[in-house]
Amino acid sequence: MEASTRWTVLTAIPPIAWGANYYVAHAYLPADRPLWGATLRALPAGLVLLAIARRRPHGRWWWRSAVLGLLNTATFFVLVYIASTLLPTSIASTVMAASPLAMLLIAWMLAGQRATRAHLIGAVAGLAGVALMLLGGAGEKVSLSGVLASAAAMLTSTVGYVLSARWRDGADPLAMTAWQLTIGGLALLPLAVIAEGAPPVAKPSVVLAFGYAALVATALAFALWFGGLRHLSAGTVGLLGLLNPLTGVLLGTLLAGETLGTRQWCGLALVIGGILLGRQRAQPRSPKVAAESSPRDIVGSDY
(Lines give C-alpha, C1' and ligand atoms only; values in the text may rest on other atoms or scores of the structure.)
Protein backbone atom coordinates (compact mmCIF):
# COMPACT_ATOMS: atom_id res chain seq x y z
CA MET A 1 0.00 0.00 0.00
CA GLU A 2 2.79 2.40 0.88
CA ALA A 3 4.61 1.68 -2.40
CA SER A 4 1.38 2.19 -4.37
CA THR A 5 0.77 5.54 -2.68
CA ARG A 6 4.34 6.63 -3.39
CA TRP A 7 4.04 5.73 -7.06
CA THR A 8 0.68 7.46 -7.30
CA VAL A 9 2.25 10.67 -6.01
CA LEU A 10 5.25 10.32 -8.32
CA THR A 11 3.09 9.54 -11.35
CA ALA A 12 0.99 12.63 -10.68
CA ILE A 13 4.07 14.79 -11.33
CA PRO A 14 4.28 14.24 -15.15
CA PRO A 15 0.75 15.41 -16.08
CA ILE A 16 1.13 18.41 -13.76
CA ALA A 17 4.50 19.18 -15.38
CA TRP A 18 3.03 18.85 -18.87
CA GLY A 19 0.09 21.09 -18.01
CA ALA A 20 2.42 23.69 -16.50
CA ASN A 21 4.64 23.56 -19.58
CA TYR A 22 1.90 25.21 -21.64
CA TYR A 23 2.00 28.20 -19.31
CA VAL A 24 5.81 28.30 -19.27
CA ALA A 25 6.00 28.24 -23.08
CA HIS A 26 3.22 30.79 -23.51
CA ALA A 27 4.58 33.21 -20.90
CA TYR A 28 8.36 32.97 -21.26
CA LEU A 29 9.42 31.41 -24.58
CA PRO A 30 9.67 33.28 -27.90
CA ALA A 31 6.79 32.48 -30.22
CA ASP A 32 8.94 32.91 -33.35
CA ARG A 33 11.45 30.15 -32.51
CA PRO A 34 9.54 26.84 -32.72
CA LEU A 35 12.48 24.89 -34.19
CA TRP A 36 14.84 26.02 -31.45
CA GLY A 37 12.11 25.53 -28.89
CA ALA A 38 11.62 21.90 -29.90
CA THR A 39 15.39 21.30 -30.21
CA LEU A 40 16.22 22.69 -26.78
CA ARG A 41 13.48 20.61 -25.25
CA ALA A 42 14.19 17.30 -26.99
CA LEU A 43 17.98 17.06 -27.19
CA PRO A 44 18.95 17.74 -23.54
CA ALA A 45 16.12 15.49 -22.33
CA GLY A 46 17.18 12.70 -24.68
CA LEU A 47 20.79 12.84 -23.51
CA VAL A 48 19.72 12.76 -19.87
CA LEU A 49 17.50 9.73 -20.44
CA LEU A 50 20.23 8.00 -22.44
CA ALA A 51 22.54 8.37 -19.42
CA ILE A 52 19.85 6.69 -17.30
CA ALA A 53 18.74 3.93 -19.68
CA ARG A 54 22.21 3.06 -21.10
CA ARG A 55 20.76 0.84 -23.82
CA ARG A 56 21.21 1.01 -27.58
CA PRO A 57 18.66 0.08 -30.24
CA HIS A 58 19.34 -3.21 -32.01
CA GLY A 59 18.53 -4.35 -35.52
CA ARG A 60 15.40 -2.80 -36.95
CA TRP A 61 14.98 -0.60 -33.91
CA TRP A 62 17.63 1.74 -35.32
CA TRP A 63 15.44 2.82 -38.24
CA ARG A 64 12.28 2.56 -36.16
CA SER A 65 13.78 4.93 -33.61
CA ALA A 66 14.69 7.32 -36.42
CA VAL A 67 11.17 7.28 -37.91
CA LEU A 68 9.50 7.72 -34.51
CA GLY A 69 12.05 10.34 -33.52
CA LEU A 70 11.25 12.45 -36.57
CA LEU A 71 7.53 11.98 -36.06
CA ASN A 72 6.95 11.88 -32.29
CA THR A 73 9.72 14.29 -31.35
CA ALA A 74 10.80 16.57 -34.20
CA THR A 75 7.41 17.18 -35.79
CA PHE A 76 5.23 16.82 -32.70
CA PHE A 77 7.35 19.02 -30.42
CA VAL A 78 7.46 21.81 -33.02
CA LEU A 79 3.69 21.74 -33.41
CA VAL A 80 3.08 21.64 -29.66
CA TYR A 81 5.49 24.55 -29.19
CA ILE A 82 3.58 26.61 -31.76
CA ALA A 83 0.26 25.77 -30.14
CA SER A 84 1.59 26.53 -26.65
CA THR A 85 2.93 29.95 -27.58
CA LEU A 86 -0.02 31.06 -29.71
CA LEU A 87 -3.00 29.73 -27.75
CA PRO A 88 -4.14 30.71 -24.25
CA THR A 89 -2.75 28.22 -21.73
CA SER A 90 -6.16 26.92 -20.67
CA ILE A 91 -7.23 26.25 -24.26
CA ALA A 92 -3.91 24.75 -25.43
CA SER A 93 -3.78 22.27 -22.54
CA THR A 94 -7.41 21.23 -22.93
CA VAL A 95 -7.22 20.80 -26.70
CA MET A 96 -4.08 18.65 -26.55
CA ALA A 97 -5.43 16.62 -23.61
CA ALA A 98 -8.23 15.50 -25.91
CA SER A 99 -5.79 13.99 -28.43
CA PRO A 100 -6.34 10.38 -27.21
CA LEU A 101 -10.04 10.83 -28.04
CA ALA A 102 -9.16 11.93 -31.57
CA MET A 103 -6.86 8.92 -31.84
CA LEU A 104 -9.71 6.65 -30.78
CA LEU A 105 -12.01 7.95 -33.51
CA ILE A 106 -9.35 7.80 -36.21
CA ALA A 107 -8.24 4.30 -35.21
CA TRP A 108 -11.86 3.18 -35.33
CA MET A 109 -12.59 4.77 -38.72
CA LEU A 110 -9.32 3.99 -40.51
CA ALA A 111 -7.86 0.91 -38.81
CA GLY A 112 -11.06 -0.81 -37.78
CA GLN A 113 -9.96 -1.06 -34.18
CA ARG A 114 -12.80 -2.20 -31.97
CA ALA A 115 -14.33 0.52 -29.82
CA THR A 116 -17.11 0.24 -27.27
CA ARG A 117 -20.14 2.51 -27.24
CA ALA A 118 -18.74 4.25 -24.15
CA HIS A 119 -15.47 4.91 -26.01
CA LEU A 120 -17.26 6.46 -28.97
CA ILE A 121 -19.57 8.56 -26.80
CA GLY A 122 -16.55 9.73 -24.82
CA ALA A 123 -14.67 10.66 -27.99
CA VAL A 124 -17.58 12.62 -29.45
CA ALA A 125 -18.26 14.36 -26.13
CA GLY A 126 -14.59 15.27 -25.69
CA LEU A 127 -14.23 16.69 -29.16
CA ALA A 128 -17.47 18.63 -28.73
CA GLY A 129 -15.95 20.04 -25.55
CA VAL A 130 -12.89 21.16 -27.49
CA ALA A 131 -15.17 22.93 -29.97
CA LEU A 132 -16.87 24.75 -27.09
CA MET A 133 -13.49 25.76 -25.66
CA LEU A 134 -12.47 27.25 -29.01
CA LEU A 135 -15.77 28.99 -29.68
CA GLY A 136 -16.55 30.12 -26.18
CA GLY A 137 -14.93 33.53 -26.21
CA ALA A 138 -11.74 33.46 -24.14
CA GLY A 139 -10.16 36.50 -22.54
CA GLU A 140 -7.87 36.76 -25.56
CA LYS A 141 -8.56 36.01 -29.20
CA VAL A 142 -7.97 32.39 -30.21
CA SER A 143 -5.21 32.13 -32.83
CA LEU A 144 -6.18 30.20 -35.97
CA SER A 145 -2.51 29.23 -36.44
CA GLY A 146 -2.45 27.83 -32.91
CA VAL A 147 -5.61 25.82 -33.52
CA LEU A 148 -4.22 24.43 -36.79
CA ALA A 149 -0.96 23.52 -35.01
CA SER A 150 -2.95 21.67 -32.34
CA ALA A 151 -4.93 19.79 -34.99
CA ALA A 152 -1.74 18.88 -36.85
CA ALA A 153 -0.15 17.75 -33.57
CA MET A 154 -3.14 15.49 -32.95
CA LEU A 155 -2.80 13.96 -36.42
CA THR A 156 0.93 13.48 -35.96
CA SER A 157 0.49 11.86 -32.57
CA THR A 158 -2.15 9.53 -34.01
CA VAL A 159 0.23 8.27 -36.68
CA GLY A 160 2.93 7.93 -34.04
CA TYR A 161 0.57 5.96 -31.83
CA VAL A 162 -0.31 3.51 -34.60
CA LEU A 163 3.35 2.92 -35.45
CA SER A 164 4.41 2.65 -31.81
CA ALA A 165 1.63 0.16 -31.08
CA ARG A 166 2.68 -2.01 -34.03
CA TRP A 167 6.39 -1.78 -33.17
CA ARG A 168 6.11 -2.35 -29.42
CA ASP A 169 7.77 -5.81 -29.55
CA GLY A 170 11.14 -6.10 -27.82
CA ALA A 171 11.42 -2.41 -26.92
CA ASP A 172 12.35 -0.87 -23.61
CA PRO A 173 10.04 2.20 -23.41
CA LEU A 174 12.46 4.47 -21.53
CA ALA A 175 15.44 3.62 -23.75
CA MET A 176 13.40 4.04 -26.93
CA THR A 177 12.08 7.37 -25.67
CA ALA A 178 15.65 8.50 -25.01
CA TRP A 179 16.76 7.58 -28.52
CA GLN A 180 13.72 9.19 -30.15
CA LEU A 181 14.27 12.42 -28.25
CA THR A 182 17.97 12.41 -29.13
CA ILE A 183 17.45 11.59 -32.81
CA GLY A 184 14.64 14.11 -33.11
CA GLY A 185 16.70 16.81 -31.40
CA LEU A 186 19.72 16.15 -33.62
CA ALA A 187 17.53 16.29 -36.73
CA LEU A 188 16.05 19.63 -35.65
CA LEU A 189 19.37 21.25 -34.73
CA PRO A 190 20.65 22.07 -38.26
CA LEU A 191 17.14 23.12 -39.34
CA ALA A 192 16.93 25.51 -36.40
CA VAL A 193 20.32 27.05 -37.26
CA ILE A 194 19.44 27.45 -40.95
CA ALA A 195 15.87 28.69 -40.54
CA GLU A 196 16.04 30.63 -37.27
CA GLY A 197 19.69 31.58 -36.90
CA ALA A 198 21.31 31.75 -33.48
CA PRO A 199 19.56 30.30 -30.42
CA PRO A 200 17.13 32.55 -28.52
CA VAL A 201 18.63 35.27 -26.36
CA ALA A 202 19.91 33.69 -23.18
CA LYS A 203 17.96 35.83 -20.73
CA PRO A 204 17.61 34.20 -17.31
CA SER A 205 13.86 33.72 -17.71
CA VAL A 206 14.27 32.08 -21.12
CA VAL A 207 17.07 29.79 -19.90
CA LEU A 208 15.01 28.70 -16.92
CA ALA A 209 11.96 28.14 -19.12
CA PHE A 210 13.91 25.93 -21.54
CA GLY A 211 15.49 24.12 -18.58
CA TYR A 212 12.04 23.40 -17.19
CA ALA A 213 10.73 22.17 -20.57
CA ALA A 214 13.69 19.85 -21.17
CA LEU A 215 14.60 18.55 -17.72
CA VAL A 216 11.30 18.64 -15.82
CA ALA A 217 8.49 18.44 -18.39
CA THR A 218 10.34 15.94 -20.59
CA ALA A 219 13.23 13.99 -18.97
CA LEU A 220 11.87 13.75 -15.42
CA ALA A 221 8.25 13.53 -16.53
CA PHE A 222 8.80 10.62 -18.92
CA ALA A 223 10.99 8.73 -16.44
CA LEU A 224 8.32 8.98 -13.74
CA TRP A 225 5.49 8.30 -16.18
CA PHE A 226 6.97 5.01 -17.37
CA GLY A 227 7.74 4.04 -13.79
CA GLY A 228 4.12 4.67 -12.87
CA LEU A 229 2.90 2.59 -15.81
CA ARG A 230 4.89 -0.36 -14.45
CA HIS A 231 3.59 -0.05 -10.88
CA LEU A 232 0.01 1.26 -11.18
CA SER A 233 -3.14 0.14 -12.95
CA ALA A 234 -4.12 1.73 -16.26
CA GLY A 235 -7.23 3.19 -14.62
CA THR A 236 -5.18 4.96 -11.96
CA VAL A 237 -2.75 6.34 -14.53
CA GLY A 238 -5.63 7.48 -16.72
CA LEU A 239 -7.22 9.44 -13.89
CA LEU A 240 -3.89 11.04 -13.03
CA GLY A 241 -3.61 12.15 -16.65
CA LEU A 242 -6.56 14.48 -16.06
CA LEU A 243 -4.23 16.64 -13.98
CA ASN A 244 -2.74 17.84 -17.30
CA PRO A 245 -5.68 19.96 -18.54
CA LEU A 246 -6.68 20.90 -14.99
CA THR A 247 -3.18 22.27 -14.34
CA GLY A 248 -3.22 24.21 -17.60
CA VAL A 249 -6.61 25.74 -16.87
CA LEU A 250 -5.68 26.67 -13.28
CA LEU A 251 -2.40 28.31 -14.31
CA GLY A 252 -4.04 30.05 -17.24
CA THR A 253 -6.77 31.57 -15.12
CA LEU A 254 -4.74 32.28 -11.97
CA LEU A 255 -1.39 33.41 -13.41
CA ALA A 256 -2.06 34.44 -16.99
CA GLY A 257 -5.31 36.24 -16.27
CA GLU A 258 -7.29 34.19 -18.80
CA THR A 259 -11.06 34.26 -18.49
CA LEU A 260 -13.24 31.28 -19.30
CA GLY A 261 -16.90 31.84 -20.11
CA THR A 262 -19.75 29.51 -19.18
CA ARG A 263 -19.55 27.81 -22.56
CA GLN A 264 -15.86 27.10 -22.10
CA TRP A 265 -16.31 25.69 -18.60
CA CYS A 266 -18.95 23.38 -20.08
CA GLY A 267 -16.46 22.46 -22.80
CA LEU A 268 -13.81 21.62 -20.20
CA ALA A 269 -16.31 19.42 -18.36
CA LEU A 270 -17.14 17.60 -21.61
CA VAL A 271 -13.45 17.01 -22.34
CA ILE A 272 -12.81 15.58 -18.87
CA GLY A 273 -15.94 13.43 -19.06
CA GLY A 274 -14.98 12.21 -22.51
CA ILE A 275 -11.49 11.28 -21.34
CA LEU A 276 -12.94 9.32 -18.41
CA LEU A 277 -15.23 7.38 -20.75
CA GLY A 278 -12.49 6.90 -23.33
CA ARG A 279 -10.12 5.41 -20.77
CA GLN A 280 -12.49 2.61 -19.78
CA ARG A 281 -10.97 -0.82 -20.35
CA ALA A 282 -7.65 0.77 -21.35
CA GLN A 283 -4.82 -1.60 -22.10
CA PRO A 284 -2.49 -1.86 -19.08
CA ARG A 285 0.65 -1.49 -21.17
CA SER A 286 -0.36 1.33 -23.47
CA PRO A 287 1.47 4.46 -22.32
CA LYS A 288 0.34 6.27 -25.44
CA VAL A 289 -3.31 6.02 -24.51
CA ALA A 290 -2.53 6.86 -20.90
CA ALA A 291 -0.36 9.87 -21.63
CA GLU A 292 -1.33 13.57 -21.62
CA SER A 293 -1.55 15.09 -24.37
CA SER A 294 0.72 13.31 -25.14
CA PRO A 295 -0.32 10.42 -26.66
CA ARG A 296 2.35 8.02 -26.40
CA ASP A 297 3.55 4.53 -26.21
CA ILE A 298 7.06 5.98 -26.50
CA VAL A 299 6.80 9.75 -26.63
CA GLY A 300 4.17 12.30 -26.63
CA SER A 301 2.02 14.68 -25.32
CA ASP A 302 3.81 16.81 -24.99
CA TYR A 303 2.35 17.83 -23.99
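The structure displayed is predicted, hence computed values, not measured ones.
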### Task
Keeping the roles fixed (side chain from His26, backbone from Thr85), state whether a donor-acceptor pair exists under 3.5 Å.
yes
### Message
Main chain of Arg60, side chain of Trp63: is a donor-acceptor contact present, judged purely on distance under 3.5 Å?
### Response
yes
### Query
Can you get from Tyr28 to Leu255 by hopping between Ile, Leu, Val, Met, Phe, Trp and Tyr side chains that sit under 4.5 Å apart?
yes
### Message
Checking the side chain of Ser65 only, and the main-chain atoms of Trp179 only, is there a donor and an acceptor separated by less than 3.5 Å?
### Response
no
### Query
Val142 versus Val147: any side-chain heavy-atom pair under 4.5 Å?
yes
### Message
Just so I know, are the side chains of Arg64 and Val67 near enough to count as touching, which here means a heavy-atom distance under 4.5 Å?
### Response
no
### Query
With no hydrogens and no angle check, is any side-chain donor or acceptor of Thr253 less than 3.5 Å from a backbone partner on Leu250?
yes
### Message
Please check: side-chain N/O of Trp7 versus main-chain N/O of His231, any donor-acceptor pairing under 3.5 Å?
### Response
no
### Task
Check whether Ile183 and Leu189 end up in the same hydrophobic cluster, where Ile, Leu, Val, Met, Phe, Trp and Tyr are linked by side-chain heavy atoms less than 4.5 Å apart.
no
### Message
Would the distance check show the side chain of Gln180 and the main-chain N or O of Asn72 forming a donor-acceptor pair, the cut-off being under 3.5 Å?
### Response
no
### Task
Would you check if the side chain of Thr218 reaches a backbone N or O of Ala213 as a donor-acceptor pair within less than 3.5 Å?
yes
### Query
For the residue pair Phe222 and Trp18, is the inter-centroid distance of their aromatic rings smaller than 6.0 Å?
yes
### Query
Which pair of non-hydrogen atoms, one from Ala74 and one from Leu70, has the smallest distance, and what is that distance?
CB-O, 3.3 Å
